[in-house]
Amino acid sequence: MVCTDVDVSRVERLAGGQVPIVEEGLPELVREGLASGRLSFTTDNADAVVHAEFTFLCVPTPQGGDGRADMSFIQAAAGEIGPHLPFESIVVNKSTVPVGSTKVVERALGRPDVSVVSNPEFLREGSAVHDFLNPDRIVIGADDESTAIRVAGLFLRTSAPLVVTDPSTAETIKYASNAFLATKVSFVNAVAAMCEAVGADVRQVVLGMGSDPRIGSDFLRPGPGWGGSCFPKDTAALVRIAEDAGYDFSLLKGVIAVNEEQYQRVAQKAVKLAGGSLQGKTAALWGVTFKARTDDLRSSPSLEVAARLRERGAKIQAYDPTLRASIPGLDVRDDPYTACDGASVLVVGTEWDEFRWLDFDKVGELMVNKAVVDARNLLEPATLRRAGFAYEGIGLV
Ligand code: UGA
């Protein structure tokens with residue numbers, strides 16, 4: 001396996017066995033591949049593909065200004081490798097691309113003998129290695145059966161169900177899957193808001209709902225809203241794809257709107273617990289990544305909440321176990337306690353397990369007002385209240 005990237009320093013680090021992101025099991029896998037000689041890294045795209053029967057495209061498709069996916073990286077990569085691909089090889093597209101993009105890649109390659117296949121990826125950050133090795137399904141979108149069979153041969157070691165279809169359907173499966181998961185989270189966040197209004201406990205509601213196998217308990221954890229490098233851009237892109245095709249995906253627009261409201265709802269809870277105003281006060285923020293077990297800050301709900309707290313005049317002192325660099329607008333601290341120094345409210349923005357086991361008497365002594373907004377329902381409310389904290393979770397009585 002030869003990996004190529006335009007980022008020289010990234011390639012250099014990887015070639016030296018250093019993985020530049022937090023991802024469980026990945027450093028071991030990379031070092032093992034390097035040591036066995038089965039894995040190498042280069043910045044020479046032509047060199048990387050020249051002997052490859054299969055070339056995987058895994059380039060980013062960020063959100064463009066109009067909500068549509070930006071295809072420029074994938075087009076540039078395809079244009080560059082096109083002349084160097086072996087005769088009748090296969091380009092497998094793993095990037096999340098708008099429906100119909102296989103044709104765009106085909107055009108950019110300029111190689112009628114090379115087949116382009118859509119093979120969307122469903123792995124989650126934080127458990128990417130596990131998800132890759134234990135997939136729930138393999139989706140292959142190909143224009144002809146013989147190409148699909150060649151690609152399917154790559155996945156013989158998994159027992160996951162194989163969905164062989166056309167490229168547009170495969171691309172739609174990817175968007176629809178992420179949009180559905182985002183819908184589940186927005187739904188439970190809306191139910192949590194309702195629980196607060198009627199005096200119900202969302203944790204029990206989810207337990208009751210999730211036992212029905214038709215509903216399932218996964219992705220029903222209320223929180224500060226969904227974020228990350230995929231859900232926000234993919235839901236926005238799907239709304240645009242539908243719009244361009246003449247369908248108003250109003251359900252998904254509602255899902256996105258509920259998510260925006262959720263950031264606001266968490267910020268309002270912080271204002272309330274800080275005594276009605278955050279003007280000139282300090283808010284502590286525990287966790288800034290978009291979820292635990294990653295160092296990814298892209299579209300982090302925690303940062304969205306922080307921005308809304310700042311709009312209300314708060315100064316933010318933040319701590320995250322993976323945060324090494326400074327972030328504009330945040331006073332980043334080295335440990336969770338000093339983040340609480342002089343704070344009028346503490347917001348738990350990411351569900352890092354270590355936050356459960358901290359000394360809350362010490363936290364309380366450092367704060368000027370003992371108040372916690374637990375946006376991940378991570379802590380034990382009774383313990384916090386016994387320690388003299390005002391406590392608010394999401395959808396709790
Ligand atoms: C997501 C999908 O889960 C993967 O299947 C997909 O392959 C990936 O996007 C992608 O398209 O590349 P990921 O972005 O790693 O994976 O994050 P998730 O674990 O799905 O979480 C997304 C957001 O939803 C996070 O902010 C998380 O905290 C939030 N969430 C998730 C909740 O608030 N509650 C839940 O119950 C689950």
Side-chain angles (χ1 to χ4, degrees), residues 21-24 26 57-63 69 93-98 118-132 134-139 160 170-193 202-203 205-207 209-210 215-238 255-256 258-263 265-266 287-305 320 348-353 374-378 393-395:
I21 54 167
V22 172
E23 191 60 65
E24 201 176 306
L26 195 55
L57 281 178
C58 311
V59 265
T61 48
Q63 188 175 333
N93 185 27
K94 283 238 168 256
S95 303
T96 304
V97 288
S118 167
N119 172 223
E121 191 52 73
F122 301 102
L123 50 81
R124 296 159 296 176
E125 288 184 34
S127 54
V129 172
H130 173 271
D131 293 351
F132 184 79
N134 304 279
D136 298 318
R137 75 292 212 188
I138 303 291
V139 176
E171 286 153 358
T172 306
I173 289 171
K174 171 66 190 185
Y175 279 109
S177 299
N178 272 359
F180 185 75
L181 292 171
T183 303
K184 269 190 115 174
V185 180
S186 274
F187 183 84
V188 80
N189 283 338
V191 169
V202 76
R203 291 171 302 184
V205 173
V206 165
L207 206 64
M209 284 170 65
I215 298 173
S217 52
D218 279 350
F219 269 72
L220 285 182
R221 266 180 293 112
W226 38 263
S229 65
C230 303
F231 283 9
K233 88 170 166 59
D234 291 351
T235 47
L238 189 51
V255 166
I256 297 168
V258 165
N259 201 46
E260 292 283 325
E261 281 164 24
Q262 194 66 4
Y263 308 143
R265 287 178 58 80
V266 174
V288 292
T289 53
F290 84 96
K291 64 176 183 179
R293 303 170 68 214
T294 172
D295 58 349
D296 199 339
L297 301 173
R298 288 175 289 177
S299 299
S300 167
S302 193
L303 291 176
E304 293 286 351
V305 170
D320 187 282
V348 179
T350 311
E351 71 282 21
W352 288 105
D353 201 46
D374 182 2
R376 297 283 183 169
N377 291 350
L378 182 77
I394 307 290

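Only heavy atoms go into these numbers, but all of them, side chains included; no hydrogens, no water, no symmetry mates. Remember, it's a predicted structure, so these values are computed and weren't measured experimentally. One-based numbering, in listed order, for ligands and for the atoms of each. Numbers here are sequence positions counted from 1.
Closest protein heavy atom to atom 15 (O) of ligand 1: Glu125 N, 2.7 Å. The nearest heavy-atom contact from the protein to atom 1 (C) of ligand 1 is Phe231 CE1, 3.5 Å. Among protein heavy atoms, atom 17 (O) of ligand 1 sits closest to Lys291 NZ, 3.3 Å.
Remark: of the listed residues Arg221, Arg265, Gln262, Gln262 is the sole one forming a side chain to side chain contact (heavy atoms under 4.5 Å, CB included) with Ile394. Screening Val202, Val206, Val348 for a side chain to side chain contact (heavy atoms under 4.5 Å, CB included) involving Asn377 leaves a single residue, Val202.
Scored by the side-chain hydrogen bond (donor to acceptor under 3.5 Å, both in side chains) test, Asn93 finds no partners at all (sequence neighbours excluded). Taking Phe132 as the reference, Glu121, Leu123 meet the side-chain contact (heavy atoms from CB on, under 4.5 Å) condition, with sequence neighbours excluded.
At a heavy-atom distance under 4.0 Å, no atom of Asp218 approaches ligand 1. Contacts of Lys94 with ligand 1, taken as heavy-atom pairs under 4.0 Å, are absent altogether. Only backbone heavy atoms of Leu123 (N, CA, C or O) come within less than 4.0 Å of ligand 1; its side chain stays farther off. At a 4.0 Å heavy-atom cut-off, ligand 1 touches Lys174 through the side chain alone.
Distances shorter than 4.0 angstrom occur between a heavy atom of Arg376 and an atom of ligand 1. Within the structure, the closest approach of Cys230 to ligand 1 falls below 4.0 Å when heavy atoms are considered.
Between Phe122 and ligand 1, a contact under 3.5 Å exists for at least one N or O pair. Of the N or O atoms in Trp226, none lie within a sub-3.5 Å distance of an N or O in ligand 1. Taking any N or O of Gly227, backbone or side chain, at least one lies under 3.5 Å from an N or O belonging to ligand 1. Geometrically, ligand 1 and Thr96 share no nitrogen or oxygen pair separated by less than 3.5 Å. Any N or O atom pair closer than 3.5 Å counts here, and Arg221 shares at least one such pair with ligand 1. At a 3.5 angstrom cut-off on N or O pairs, Asn178 counts as close to ligand 1. Below 3.5 Å of separation, one finds no N or O of Val185 facing any N or O of ligand 1.
For Glu171 (side chain) and Thr96 (main-chain N/O), no donor-acceptor pair under 3.5 Å exists by modelled atom type. With hydrogens and angles ignored, the 3.5 Å screen pairs no side-chain donor or acceptor of Ser95 with any backbone N or O of Thr61.
Put simply, the side chain of Asp320 does not reach to within 4.5 Å of the side chain of Asp295, judged on heavy atoms. Looking only at side-chain heavy atoms (C-beta outward), Pro301 and Phe290 come within less than 4.5 Å of each other. No side-chain heavy atom of Leu181 sits under 4.5 Å from any side-chain heavy atom of Trp226. Between Arg124 and Lys291 there is a side-chain heavy-atom pair separated by less than 4.5 Å.
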